[in-house]
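Before any comments, here is the structure.
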Amino acid sequence: MDADSKARWETLRLSYGETRGLPALVDEICKLYEQVRPEGVIVGAPQECIYLAMMALLQPGDHVVVTYPGYQSLFQIADSLGCQVDLWEVDLGEDGGASFDVAKFKALLRPTTKLAVVNFPHNPTGVLLDAAQWSDLVEACRAVDCYLFSDEMYRLLEFCPTARLPSAVDVYDKAITLSGLSKAFGLPGLRIGWLAVRPPCYPLMARVAELKDYTTICGAVPSEVLALAALRSREALLRRNMDILRANLTAVEAFMSEFEHVFKYRPPAAGSVAFPRLAAPSEDGGVGSGDGGAGGVEAFCERLVNGCGVLLLPGTVYDHGPSSARGHFRIGLGRRDLPECLEKLRGYLRSLSGSTGS
Ligand SMILES: Cc1ncc(COP(=O)(O)O)c(C=O)c1O
């Protein structure tokens with residue numbers, strides 16, 4: 001801990017904090033961006049930030065375009081409010097890879113579109129647009145003058161550092177960037193995230209601050225001091241977390257090539273999740289009950305968790321037909337014990353293929 005954070009920690013009073021966040025923390029958040037001033041930041045739990053921004057921005061009937069499948073509240077709040085929600089769906093390849101086609105995004109935009117919601121690096125696929133696609137997307141938003149809510153929770157976790165995109169808030173003045181400490185910084189228990197905007201969105205932030213009186217009023221003050229210390233040590237924290245991710249990515253790669261008759265896998269471009277698929281979902285890759293399709297990957301994951309205690313998240317939880325039908329599942333890359341989990345899976349899959357003779 002730097003000396004100032006340590007002094008704050010040691011003299012901490014457990015009274016209410018500031019609605020928009022501890023000022024020193026807000027200053028530190030501004031350093032992550034080129035165009036953001038303290039008036040453009042509000043601190044909250046990341047999920048709370050999504051909820052408050054959507055509540056502040058949207059009215060029944062508004063048109064919204066959202067990346068899909070994805071983190072549920074990114075589309076569900078708009079839907080629950082009675083908005084017209086168009087889903088910008090991922091394209092899934094035979095090889096287990098995924099991509100988002102910006103031309104499809106542009107085709108969904110209307111002159112009346114109120115909001116585009118995007119999430120790159122993307123949960124669950126790990127897709128990251130390239131710089132040209134990103135600027136194409138931003139220009140399309142500018143052309144219809146819609147707000148752009150950019151969920152950047154997995155930003156800073158690019159496996160190739162030059163692939164990092166500029167934050168939406170730095171390239172578009174009607175962007176609302178969401179970020180936080182839960183993913184890249186590995187500190188979800190702090191419950192600290194933030195919204196960052198530029199002056200055209202200040203009225204929106206004022207509304208978010210009012211609505212926050214109905215959720216948490218202010219952040220947890222111990223968490224804000226710990227978040228301040230974390231951001232001031234961001235290089236060390238990010239290095240630590242990228243080391244874990246890189247080691248896990250290598251382990252997953254070796255595992256997937258050993259079981260290429262069972263899985264199809266393309267590594268994620270960024271983030272701490274990957275989204276492989278079963279090679280033969282209708283037959284469960286030759287290691288399952290053969291109950292087919294969506295049931296295939298769900299049944300497959302259930303057998304694994306019952307058989308060896310390792311939980312893979314079946315794509316069916318995303319309610320997205322194509323990824324369910326292709327047998328996609330999500331695997332987390334962020335924990336140090338992933339190699340041990342892969343070892344258990346390896347033993348289990350070997351025992352199954354031994355027993356089926358394949
Ligand atoms: C894409 C995305 N956005 C937002 C969140 C919310 O973060 P938190 O759980 O820290 O509130 C998550 C959490 O999984 C996420 O995956």
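Each ligand, and each atom within it, is numbered from 1 in the order the structure gives. Only this structure's heavy atoms are used, side chains among them; waters, hydrogens and symmetry mates stay out.
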Is there a side-chain contact between M256 and P276, using heavy atoms and a 4.5 Å cut-off?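 When only atoms from C-beta onward are counted, P276 and M256 do touch, with a gap below 4.5 Å.
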Taking the six-membered ring for Trp, is the centroid-to-centroid distance between W88 and Y68 below 6.0 Å?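 Not under 6.0 Å, so no.
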Would you say the ring centers of Y154 and F120 fall short of 6.0 Å from each other?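 For Y154 and F120, the ring centres are not under 6.0 Å apart.
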Salt bridge check, R350 against E258: does any charged N sit closer than 4.0 Å to a carboxylate O?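 Between R350 and E258 there is a salt bridge, with a charged N closer than 4.0 Å to a carboxylate O.
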Residue contacts for ligand 1, heavy atom to ligand atom, distance under 4.0 Å: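 Heavy-atom contacts below 4.0 Å: P46, Q47, I50, Y71, N119, N123, D151, M153, Y154, S182, K183, R191.
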For the residue pair S167 / T177, report whether a side-chain donor-acceptor contact shorter than 3.5 Å exists.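 On atom types as modelled, these side chains qualify, holding a pair under 3.5 Å.
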Under a plain distance cut-off of 3.5 Å, with no hydrogens placed, do H63 and T113 share a side-chain donor-acceptor pair? yes
